[in-house]
Amino acid sequence: MIYLDHAATSPPRREVLEAVWPYLTQVTGNPSSSHEVGRAAKAGLDAARHAVAEVLGARPGEVVFTSGGTEADNLAITGIATANPRGRHVVVSAIEHPAVLETASALRESGFEVDVVGVDGDGLLDLTALDAVLRPDTTLVSVMYANNEIGTVQPLAEIAARCRAFGVPFHTDAVQAAGHLPLDVGELGVDALSASAHKFGGLRGAGFLWVRGVVPLAPVLHGGGQERGRRSGTSDVASAVGTAVALHAAATAREAEVARLTSLRDRLIDGVLATVPGARLTGHRTRRLPGHASFCFAGVGGETVLAELEQVGIVCSSGSACAADSDDASHVLLATGIDADLARTAVRFTLGPTSTADEIDAVLAALPSAVQLAGR
Ligand code: PLP
């Protein structure tokens with residue numbers, strides 16, 4: 001099986017499994033307990049928090065461990081917007097993941113105004129439109145670092161500068177970027193950042209939200225006051241340890257891995273555009289995630305192409321894994337100006353640590369006939 005769906009989920013790294021095992025079998029206390037067994041667990045949790053903060057160039061106390069990207073996004077959007085006394089106005093981009101868009105919708109239901117800023121044909125945020133919607137009562141801007149469906153990487157520093165000029169906190173969903181792109185929050189200029197461990201070799205159901213210390217954050221989960229009152233619930237020490245080990249491993253390997261994946265990605269993109277009639281790349285040609293290649297194949301249903309590819313042992317996705325069972329055209333592709341019919345032909349290949357040049361060549365050999373068969 002050739003697995004090219006790493007943006008949906010990537011297998012845990014071996015070193016993650018090795019680091020997690022003792023926390024499932026030996027160091028099994030509750031880190032909130034004051035006895036020795038609890039203190040041992042707390043030491044593991046603290047070390048994990050330090051390790052994550054180090055990669056972000058942040059303070060450990062600013063890291064909130066969560067059950068993944070969805071919870072981190074919910075906590076960021078709701079927690080920052082509602083704690084900010086400036087007003088009740090929120091800004092998001094049109095191509096956010098549902099974890100952000102649906103949370104913004106829920107805020108709208110509760111009386112917030114939400115402005116949705118569009119993107120250009122490559123998926124890059126319309127900065128002029130952003131300037132036009134920022135207001136003195138804006139409580140939060142949320143724009144993702146890199147898009148899951150089209151791979152486009154946003155100019156975070158430029159967006160951050162605009163938010164800073166307005167004194168508005170800036171959150172970024174870095175779920176697809178973490179492990180692939182620089183994460184130093186000082187350099188990025190963001191005030192809050194969400195990440196999900198299973199996208200960079202950690203465990204599913206684990207992740208974190210980083211929030212700059214000066215930014216007020218209201219909790220979404222109420223209870224025992226864990227994570228400094230920002231996320232109640234008994235801490236999952238093993239998952240936090242796995243998240244930290246995965247993030248560190250990804251950061252250490254990042255430079256070489258980005259070069260390797262970018263070259264494989266470009267080979268795939270160039271090959272597909274040259275050999276598959278009607279193929280169109282979605283997202284920006286170069287300002288995109290290193291291992292991300294996404295296309296539309298005019299007139300050919302994306303799901304049918306996936307089925308043909310699976311017949312020959314290649315698995316990928318039709319855009320976003322979350323929307324795979326929905327017939328609706330992708331809101332991301334529609335936002336880039338692609339019409340609904342073409343949007344339904346989307347196919348996404350996302351590469352990861354296991355991907356090789358031989359696999360890319362196998363895709364390039366199989367795809368023209370898969371698209372042809374799917375089009376019959
Ligand atoms: N944000 C983006 C951009 C994603 O791609 C995903 C998952 O695919 C999420 C958020 C949700 O993350 P999780 O699966 O950890 O809840």
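Both ligands and their constituent atoms are indexed starting at 1 by order of listing. Just so you know, these numbers use all the heavy atoms, side chains as well, and skip hydrogens, waters and symmetry mates.
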Any side-chain donor paired with an acceptor under 3.5 Å for [X] and [Y]?
X    : Y    : value
S34  : R39  : no
H89  : D115 : yes
T103 : N74  : yes
H284 : T152 : no

Tell me the contacting part of D73 for ligand 1: side chain, backbone, both, or neither, using a 4.0 Å heavy-atom threshold, strictly below. side chain
For [X], atoms of ligand 1 separated by under 4.0 Å from a heavy atom:
X    : answer
S196 : 13 (P), 15 (O)
D173 : 1 (N), 2 (C), 3 (C), 10 (C)
T70  : 11 (C), 12 (O), 13 (P), 16 (O)
G68  : 15 (O)

Is the shortest distance from a heavy atom of H198 to ligand 1 less than 4.0 Å? yes
Check whether E113 reaches the backbone of V90 with its side chain - one donor and one acceptor, N or O, closer than 3.5 Å. no
Which option, M144, E71, H97, Q176, owns the non-hydrogen atom nearest atom 9 (C) of ligand 1? H97
Measuring from atom 7 (C) of ligand 1, which candidate in R204, K199, E149 has the nearest non-hydrogen atom? K199
Take the angle between the ring planes of H6 and Y3 and call it parallel below 30°, perpendicular above 60°, tilted in between. perpendicular
Criterion side-chain contact (heavy atoms from CB on, under 4.5 Å) on S10 and K199, from CA distance to verdict: CA-CA 5 Å; S10 204; K199 309 289 189 183; over 6 Å; no
If we only count N/O pairs under 3.5 Å, is A99 in contact with ligand 1? no
